[in-house]
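Residue indices begin at 1 and follow the sequence shown. Quick note: numbers below take in every heavy atom, side chains included, and nothing from hydrogens, waters or symmetry partners. Here the structure is a predicted model, which means the values were calculated and not measured.
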Amino acid sequence: MTEAADVLEVARFSTIPEAELAASFLQQQGVRAWLPDRDMATMNPDLLIALGGVRVATTTAQIVEARAIIARMRAGEFVDGSDETGDWLIDHTPGMVGDLHDHEISGVMGRAKKTGAVVVVLAFVVFPVAGCIVTALGG
């Protein structure tokens with residue numbers, strides 16, 4: 001494992017996905033990079049603002065190269081203009097997810113949601129009201 005004195009911050013990002021993409025891109029370029037704040041940011045994302053974002057870190061030996069790559073990335077040097085043609089939308093049909101229409105997608109929680117709603121209504125509405133009525137009638 002890398003010692004704390006050998007770890008430096010490359011850059012900060014406002015969201016976890018941005019930081020993950022930057023770290024992944026750095027790794028693709030041969031720089032060992034990771035997110036030291038990933039666990040904290042995942043468990044308590046409200047603290048991201050207080051901490052100033054999610055850090056991407058690397059070793060002292062690769063810090064210059066990593067910061068140069070991030071600067072080039074932020075300047076748009078690695079943008080691939082061929083993706084802006086919209087070709088990926090050719091097979092896109094509004095209202096569909098894959099081969100299914102929106103109304104055909106019920107999700108894995110469909111039956112569990114209905115059961116949960118029934119339990120909540122019974123526990124917090126029907127039983128308390130029935131208890132009040134029984135108590136009022138002197139039962």
Side-chain angles (χ1 to χ4, degrees):
M1 189 68 194
T2 307
E3 299 214 13
D6 192 37
V7 175
L8 294 175
E9 178 181 316
V10 177
R12 287 183 186 239
F13 295 88
S14 58
T15 65
I16 296 172
E18 289 175 319
E20 289 282 3
L21 283 170
S24 176
F25 188 73
L26 286 171
Q27 290 172 4
Q28 183 183 24
Q29 300 296 317
V31 175
R32 183 172 170 258
W34 66 94
L35 279 59
D37 302 326
R38 179 187 294 120
D39 292 339
M40 183 282 311
T42 303
M43 291 187 300
N44 200 349
D46 297 336
L47 288 178
L48 286 179
I49 296 170
L51 293 175
V54 183
R55 295 178 301 154
V56 175
T58 191
T59 60
T60 305
Q62 293 183 308
I63 191 67
V64 174
E65 180 184 4
R67 286 183 178 163
I69 291 170
I70 292 295
R72 291 170 54 204
M73 183 180 76
R74 286 181 169 163
E77 186 175 323
F78 300 104
V79 173
D80 182 8
S82 66
D83 288 343
E84 296 177 15
T85 62
D87 289 344
W88 62 277
L89 284 173
I90 290 174
D91 295 330
H92 173 70
T93 305
M96 293 192 68
V97 178
D99 293 331
L100 298 174
H101 292 280
D102 285 341
H103 67 275
E104 297 174 318
I105 301 169
S106 61
V108 295
M109 295 296 293
R111 192 172 284 163
K113 283 183 184 177
K114 291 176 186 174
T115 304
V118 169
V119 168
V120 167
V121 168
L122 286 174
F124 295 104
V125 177
V126 175
F127 293 149
V129 170
C132 291
I133 292 172
V134 169
T135 303
L137 293 176

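Atom CZ of residue F78 and atom CD of residue Q29 lie 5.0 Å apart, to the nearest 0.5 angstrom. One finds the CG atom of D39 at 12.5 Å from the CG atom of N44 (value rounded to the nearest 0.5 Å).
Residue pairs meeting the salt bridge (Lys or Arg N to Asp or Glu O under 4.0 Å) criterion with at least one partner in residues 48-58, sequence neighbours excluded, are D37-R55.
Cation-pi contact between R74 and F13: present, with separation from the ring centre below 6.0 Å and deviation from the ring axis of at most 45°.
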Could you list the donor-acceptor pairs under 3.5 angstrom formed by side chains in residues 60-73, with sequence neighbours left out?
unit_1, atom_1, unit_2, atom_2, d
T60, OG1, D6, O, 3.2
T60, OG1, D6, OD1, 3.1
Q62, OE1, R32, N, 3.0
Q62, NE2, G30, O, 3.2
R67, NE, E9, O, 3.2
R67, NH2, E9, O, 2.5
R72, NE, E77, OE1, 3.2
R72, NE, E77, OE2, 3.0
R72, NH2, E77, OE2, 2.9

side-chain contact (heavy atoms from CB on, under 4.5 Å) assessment of L35 paired with V56: CA-CA 5 Å; L35 279 59; V56 175; 4.3 Å; yes

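With hydrophobic clusters built from ILVMFWY side chains whose heavy atoms lie under 4.5 angstrom apart, L137 shares a cluster with V129. Both F127 and V121 are part of a single hydrophobic cluster, where members link through side-chain heavy atoms under 4.5 Å apart.
The minimum heavy-atom distance between G131 and T135, with the atom names listed, is O-OG1, 2.7 Å.
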